[in-house]
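Right, one structure below, let's go through it.
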Amino acid sequence: MLQIQDIAKHEGQTVTLNGWVESKRTGGKVAFVTLRDGSGFVECIFSLDTVGEETLENAKRLTQESSVQITGKVVLNEKQEFGTEIHATGIHVFQLAAEYPISRKEHGVDFLMNNRHLWLRSRRQWAVLRIRNRVKFAIHQFFQENGFVQTDAPLLTGNACEGTTTLFETEYYEKDVAYLSQSGQLYAEAIAMALGKVYTFGPTFRAERSSTPRHLSEFWMIEPEMAFYDLEMDMELIEAFVKYIVNAVYADCKTELNILERDTTLFENINKPFPRVTYSDAVKIIQGKMNWNGRNAIDTLRTQLAKVEADLQAKNAEIAETEDLLTKGGVSKGQANYYQSKIDRLKGEARKLEDKSKEIPEWIDASLNFPDGEDFGSPQEKALTSLFDTPVMVYKWPRAIKAFYMKRYEDDPEFVKGVDLLAPEGFGEIVGGSERETDLQTLVDAINHHNLPMEAFEWYLDLRRFGSVPHAGFGLGFERVVMWLTGVSHIRETIPFPRYYGRLFP
RNA sequence: GCCUCCUUAGCUCAGUCGGUUAGAGCAACGGACUGUUAAUCCGUGUGUCCUAGGUUCAAGUCCUAGAGGGGGCGCCA
């Protein structure tokens with residue numbers, strides 16, 4: 001079966017395509033039907049001269065999302081969005097679709113989420129899911145090409161392993177409680193001691209009641225774990241890995257990025273070295289006490305604020321101007337409609353800018369007054385990453401705010417060998433990694449210090465009893481990466497059927 | 001969990017100081033036109049104004065409580 005993505009190779013030939021009607025425009029003697037088949041989009045032209053009256057009438061009657069088979073000749077045409085079109089000669093209708101709820105006009109988020117099963121057919125969602133696929137493939141390519149073995153950690157576990165987040169609970173037969181896994185890392189460490197370099201890639205569950213555009217209750221995580229790696233090697237791997245993914249998407253997803261109107265500056269900058277900053281320096285940068293390449297984080301936020309305020313003024317001026325045009329009279333009905341929808345749109349945009357103009361001062365405040373020693377919150381990540389046009393690595397973190405298994409610096413034991421990779425332009429954390437503690441007693445002390453149940457970690461401690469070696473790894477949030485690369489404003493768009501606080505259907 | 005904004009037609013929204021019959025666009029349907037790509041033209045319909053109380057001669061509009069949702073923060077990947 002021929003797919004739309006391959007039709008250019010069949011120029012001049014008559015082909016048969018199966019798909020759905022994305023949109024339709026009709027004239028007296030002509031009908032334009034945009035067909036989508038999942039692989040791409042193509043406009044099919046039915047003109048009276050070639051198809052005759054009956055077929056033209058059938059084409060004119062098509063409704064949005066009707067399922068059809070269209071036969072016609074492939075013609076190259078530069079004026080077309082994707083360079084080709086079909087001069088139709090015949091049509092078979094599988095089903096004339098009922099009135100379709102999603103139009104080309106804008107819809108609210110809640111409505112779209114309730115219709116997620118249909119929303120997936122929209123162009124932007126199509127583009128996002130194709131990029132998701134490319135990222136997933138790139139991850140496997142990178143690791144498989146670099147001597148890693150893909151492996152799996154259990155999804156059901158008997159204890160809340162790191163003891164930090166809230167987990168989903170379920171009955172495990174009659175007697176026990178099982179928890180849905182929040183991380184496969186500790187298991188990956190055990191497997192790495194068997195197979196050397198491994199990575200897991202599976203779903204993860206967190207029962208946090210987070211209501212933000214960056215959180216899901218069910219998401220996918222990639223967790224490599226490497227025997228005989230130290231922090232330095234870990235950071236090199238993270239950098240090479242992220243570059244590989246970003247380059248793959250840029251090389252193979254031009255159409256998708258175009259549909260998403262993704263600014264490609266990020267992709268053009270990705271091969272520059274990622275800056276490495278210690279936590280302590282990052283704190284100074286966030287507080288505005290230290291510059292990076294002559295740029296100041298607080299000043300950058302203030303510049304952003306000034307821009308938002310200027311944009312807001314311009315937006316309001318445009319609204320007033322358009323309202324003037326509308327009330328002046330002498331406008332045709334079509335023009336009036338246009339002005340009215342423009343005003344509605346501008347008002348929505350102005351409201352968002354207004355919110356933003358109130359938020360940025362709060363971020364500036366939270367950064368200026370950030371206490372050294374605490375973990376970064378979202379305002380701090382925004383302040384820091386707004387200085388960079390590539391991802392930035394923050395390493396050497398205070399022991400108190402990081403997980404118990406991270407290895408301490410021998411010469412500075414209040415700090416641990418952890419690293420976070422923060423995506424630029426205010427996006428924030430996409431990778432968290434570390435060199436793991438190898439010493440049995442240090443680990444036992446850390447478990448006690450965190451009040452974790454020792455018996456649950458006995459198997460983990462065995463890894464330090466039998467051939468303990470330096471090792472390191474990291475975790476990458478899959479949907480976070482897809483969100484970052486596609487530029488969608490909410491993580492719920494990066495997975496076909498998202499699960500998050502307040503959403504379990506469809 | 002906290003702060004904040006919102007809820008009016010299938011969808012996106014307007015609705016002024018509380019005032020009598022609640023509006024527009026889109027979508028749908030009928031027609032005209034068109035190598036068209038969310039700005040062509042004419043015509044046709046649509047309401048539990050989120051819910052429950054309250055104030056008032058009068059509530060979509062004001063007050064209280066509740067429900068649902070957006071954005072920000074926290075928690076995190």
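Letters go in sequence order (proteins before strands), and every chain restarts at 1.
Between A/K24 and the phosphate of B/rA27, there is no side-chain N or O to OP1/OP2 separation shorter than 4.0 Å.
Across the protein-nucleic acid pair, A/F32 atom CZ and B/rU40 atom C1' stand 14 Å apart, rounded to whole Å. At whole-Å resolution of the value, CZ in A/F474 and P in B/rC76 are 21 Å apart. Between the NZ atom of A/K382 and the C1' atom of B/rC76 there is a distance of 14 Å, rounded to whole Å. Going from atom CG of A/L96 over to atom C1' of B/rC29 covers 14 Å, rounded to whole Å. Whole-Å rounding puts the A/F205 CZ to B/rC75 P distance at 24 Å. Residue A/N114 contributes atom CG, which lies 18 Å from atom P of B/rU7 at whole-angstrom precision. For A/W363 and B/rG74, the CH2 to C1' distance is 15 Å, given to the nearest whole Å. For the pair A/M221 CE and B/rC76 C1', the computed distance is 10 Å after rounding to whole Å.
Of all heavy-atom pairs between A/L384 and A/I286, the closest is CB-CG1, 4.1 Å. Among all heavy-atom pairs drawn from A/E223 and A/G475, the shortest one is CG-CA, 4.0 Å.
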Output a table of donor-acceptor pairs, distance under 3.5 Å, between side-chain atoms of residues 198-205 of chain A and any protein atom two or more places apart or on a different chain; print 'none' if there are none.
residue, atom, partner, partner atom, Å
A/Y199, OH, A/H140, ND1, 2.7
A/Y199, OH, A/Q144, NE2, 2.9

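In terms of polar N and O atoms assigned as donor or acceptor, the side chain of A/E85 never comes within less than 3.5 Å of the base of B/rU37 in a complementary pairing. Judged by atom type and distance alone, A/H215 reaches the base of B/rC76 through a side-chain donor-acceptor pair under 3.5 Å.
Remark: B/rG1 base-pairs with B/rC73. Criterion, Watson-Crick or G-U wobble with two distances under 3.5 Å. With a 3.5 Å ceiling on both atom-pair distances, B/rU55 lacks any Watson-Crick or G-U wobble partner. Searching all strands for a Watson-Crick or G-U wobble partner of B/rG35 with both distances below 3.5 Å returns nothing. Under the Watson-Crick or G-U wobble criterion, with both distances below 3.5 Å, B/rA28 is paired with B/rU44. Pairing for B/rC49 is absent, judged as Watson-Crick or G-U wobble with the two contacts each under 3.5 Å. As the counterpart of B/rU20, no nucleotide is assigned, since no Watson-Crick or G-U wobble pattern has both distances under 3.5 Å.
By the salt bridge (charged side-chain N to carboxylate O under 4.0 Å, His left out) test, A/E493 pairs with no residue at all, sequence neighbours left out. Applying the salt bridge (charged side-chain N to carboxylate O under 4.0 Å, His left out) rule to A/K307 yields the partners A/D311; only residues at least two apart in sequence or on another chain are considered. Qualifying salt bridge (charged side-chain N to carboxylate O under 4.0 Å, His left out) partners for A/E429, counting only residues two or more places apart in sequence or in other chains: none. By the side-chain hydrogen bond (donor to acceptor under 3.5 Å, both in side chains) test, A/E22 pairs with A/R123, sequence neighbours left out. Residues that satisfy the side-chain hydrogen bond (donor to acceptor under 3.5 Å, both in side chains) test with A/K396, not counting sequence neighbours, are A/D412. Contacts of A/Y501 classified as side-chain contact (heavy atoms from CB on, under 4.5 Å), with partners at least two apart in sequence or in another chain: A/R209. Looking at residues two or more places apart in sequence or on another chain, you find a salt bridge (charged side-chain N to carboxylate O under 4.0 Å, His left out) between A/R276 and A/E232, A/E239. Scored by the side-chain contact (heavy atoms from CB on, under 4.5 Å) test, A/H449 finds no partners at all (sequence neighbours excluded).
Ring geometry for A/F474 against A/F143 counts as tilted: the plane angle lies between 30° and 60°, on a 0 to 90° scale.
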Using the 3.5 Å cut-off, write out each protein N or O paired with an N or O of nucleotides 44-47 of chain B and the distance between them.
none

Protein and nucleotides 30-32 of chain B: nitrogen or oxygen contacts under 3.5 angstrom:
none

Below 3.5 Å between N/O atoms, which protein atoms pair up with nucleotides 66-71 of chain B? Just atom names and distances, please.
residue, atom, partner, partner atom, Å
B/rG69, OP1, A/G502, O, 3.4
B/rG70, OP1, A/R492, NH1, 3.1
B/rG71, OP1, A/R492, NH2, 3.3
B/rG71, O2', A/E359, OE2, 3.1

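Comparing A/E429 and A/R61, the nucleotide of RNA chain B nearest to each residue sits closer to the 5' end for A/R61. Both A/F219 and A/P101 lie near RNA chain B, and the one whose nearest nucleotide falls closer to the 5' end is A/P101.
For A/Y460 and A/E189, the side-chain atoms include at least one donor-acceptor pair closer than 3.5 Å.
Within 4.0 Å of A/I102, counting heavy atoms only, lies no atom of the nucleic acid at all. Counting any heavy atom pair closer than 4.0 Å across all strands shown, A/L476 reaches no nucleic acid atom. Backbone-only engagement by A/S378 is indicated by non-hydrogen atom pairs under 4.0 Å involving sugar-phosphate atoms exclusively. Contact annotation for A/E479: no contact, since no heavy-atom pair falls under 4.0 Å across all strands. Across all strands, A/E81 comes closer than 4.0 Å to no nucleic acid atom at all (heavy-atom distances). As judged by a 4.0 angstrom heavy-atom cut-off over every strand, A/G108 is placed among residues touching the sugar-phosphate backbone only.
Taking the C1' atom of each, B/rC13 and B/rA22 are spaced 14 Å apart, rounded to whole Å. Rounded to whole Å, the separation between the C1' atoms of B/rU8 and B/rA14 comes to 10 Å. One P atom belongs to B/rU64, the other to B/rG23, and the distance between them is 30 Å to the nearest Å. Separation of the C1' atoms belonging to B/rC5 and B/rG47 is 25 Å when rounded to the nearest angstrom. One P atom belongs to B/rG60, the other to B/rU48, and the distance between them is 14 Å to the nearest Å. A gap of 16 Å separates the C1' atoms of B/rC50 and B/rA59, to the nearest Å. Here, B/rU55 and B/rU46 have their P atoms 35 Å apart, quoted to the whole Å. For the P atoms, the distance from B/rC6 to B/rU44 is 35 Å, rounded to whole Å.
In B/rC17 the base sits syn relative to the sugar, since the glycosidic angle is no further than 90° from 0.
Each of B/rG72, B/rG35, B/rU36 was ranked by its minimum atom distance to the side chain of A/E43; first place goes to B/rU36. For A/Q80, the side-chain atoms get nearest to B/rU37 when compared with the rest of B/rU37, B/rC76, B/rG74. Looking at the side chain of A/H107, the nearest of the listed nucleotides B/rG74, B/rC75, B/rU12 is B/rU12. The listed nucleotides are B/rG35, B/rC75, B/rG72; the one nearest the side chain of A/E362 is B/rG72.
Counting non-hydrogen atoms of neighbouring residues, nucleotides and ligands closer than 6.0 angstrom, the NZ atom of A/K402 exceeds 12 such neighbours.
A cation-pi geometry, defined here as NZ or CZ lying under 6.0 Å from the six-membered ring centre and within 45° of its normal, does not hold between A/R121 and A/Y100.
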